[in-house]
Amino acid sequence: MQPNIEAFLDPATGTLSYIVFDESGGTCAIIDPVLDYDHRSGRTSTLSADNLITFVENQQLTVEWILETHVHADHLTSAHYLKSQLGGKTGIGREVPKVQRIFKEIFNLGPEFLPDGSHFDHLLADDETFEIGKLSAKAISTPGHTPADLSYQFGDAIFVGDTLFMPDLGTARADFPGGDARQLFRSIRKLLEQPPETRLFMCHDYPPPTRQARWETTVAEQRARNIHVHDGISEDSFVAMREARDATLDMPTLLLPSVQVNVRAGEMPLPEENGVSYLKIPLNVI
């Protein structure tokens, strides 16, 4: 059975969230949901997440999973909020404790933060299969952007997280803590070994002025046209390009607030004695 897919673009961060479902009145998974965050005021809102809730309710869907492709550095996840409203289990890659340990040290998180993945309901292993109603799904380990990236396959569709972008934009960066350009290349080639007609769904699009936002492509299109990893590009050439390019890139605007929330599966830090939650800004570290 092929999945029904509904995409939701967050223009503020260029993030794509997806609802993948078997049929109306059936069962669904939510992938990479966004919690709106204004970095100027430090205020959050649930407009993007509420759009997902409206679709779920209109289609009379039961949420089985809320899945993260990785610990995002460019937006806050609304997984915790959605779970409170819709139910479902939160899932992420089995290697996420590696990412949690990195950021526990960077942010000097206290003893109450255990970097063991227990903030999520389930840690998915490479090639692990699971069911979404009548749909069969598989987790595919695709590290490189972070050590814990997963892609998710439903039938002929793969949600690739931060590995590939649309062909004219190339590939994701690999210079965040724990990232590795060589590992990223191998993960991408693993995806591109799928049948040519396999549909690939991006986690982000940052379109140039010459086109509108797009988020669906195919293995064949990526192998023929991706500016960074089309067929014929060697691993060493990719690594040299990716590392040189990454050295010129600014950090994402929401890196520091987002990872503190996302390593907790969308929960905010515990409130202090005045009832307010606080995020940390480490100086001269990243």
Side-chain angles (χ1 to χ4, degrees), residues 2-92 120-121 132-133 135 137 150-152 154 157-162 165-166 199-207 211-217 252-254 257-262 264-268 277:
Q2 299 302 336
N4 293 290
I5 299 167
E6 190 73 17
F8 299 80
L9 174 65
D10 173 41
T13 63
T15 302
L16 274 305
S17 303
Y18 297 96
I19 297 177
V20 183
F21 61 106
D22 51 6
E23 59 191 357
S24 295
T27 305
C28 74
I30 299 173
I31 301 176
D32 290 338
V34 172
L35 181 71
D36 302 293
Y37 176 76
D38 180 355
H39 68 277
R40 291 172 292 269
S41 66
R43 299 194 70 87
T44 64
S45 66
T46 60
L47 178 62
S48 295
D50 290 336
N51 288 335
L52 304 179
I53 292 173
T54 296
F55 183 87
V56 167
E57 291 176 343
N58 287 344
Q59 293 291 323
Q60 298 181 310
L61 298 172
T62 299
V63 176
E64 183 75 17
W65 286 94
I66 303 169
L67 299 170
E68 302 287 357
T69 54
H70 62 291
V71 174
H72 303 275
D74 40 33
H75 70 272
L76 282 67
T77 178
S78 59
H80 180 71
Y81 169 72
L82 289 172
K83 181 180 176 179
S84 73
Q85 300 298 307
L86 298 172
K89 302 183 292 289
T90 56
I92 199 168
F120 299 86
D121 294 315
I132 308 288
L135 296 173
L150 277 188
S151 298
Y152 296 102
F154 297 79
I158 302 178
F159 299 84
V160 301
D162 277 16
F165 294 150
M166 293 303 293
R199 296 181 292 161
L200 303 177
F201 290 85
M202 309 296 104
C203 185
H204 296 284
D205 192 38
Y206 309 107
R211 69 167 175 83
Q212 294 183 328
R214 292 180 58 210
W215 46 85
E216 180 179 348
T217 179
T253 300
L254 298 185
S258 65
V259 293
Q260 295 177 72
V261 173
N262 296 344
R264 295 178 168 98
E267 289 192 68
M268 296 296 167
S277 294

Practice problem: Establish, yes or no, whether a centroid distance under 6.0 Å links the rings of F201 and F159. | Solution: yes
Quiz item: Hey, would you say the F21 and F55 ring centroids sit under 6.0 Å apart?
Solution: yes
Do [X] and [Y] make a side-chain contact, defined as non-hydrogen atoms from C-beta onward lying under 4.5 Å apart?
{"X": "I132", "Y": "D22", "value": "no"}
{"X": "M268", "Y": "T44", "value": "yes"}
{"X": "T13", "Y": "L254", "value": "yes"}

Checking [Y] against [X]: is there a side-chain donor and acceptor pair closer than 3.5 Å?
{"X": "D74", "Y": "H204", "result": "yes"}
{"X": "N262", "Y": "T77", "result": "no"}
{"X": "T69", "Y": "D32", "result": "yes"}

Quiz item: Around atom CZ of R211, are there more than 12 heavy atoms of other residues, nucleotides or ligands at under 6.0 Å?
Solution: yes
Which distance, rounded to the nearest 0.5 Å, do you find between the [atom1] of [X] and the [atom2] of [Y]?
{"X": "L67", "Y": "S151", "atom1": "CG", "atom2": "OG", "answer": "12.0 Å"}
{"X": "L52", "Y": "L86", "atom1": "CG", "atom2": "CG", "answer": "8.5 Å"}
{"X": "F8", "Y": "L16", "atom1": "CZ", "atom2": "CG", "answer": "10.5 Å"}

Self-check item: Residues in side chain to side chain donor-acceptor pair (under 3.5 Å) contact with S41, at least two apart in sequence or another chain
Solution: D38
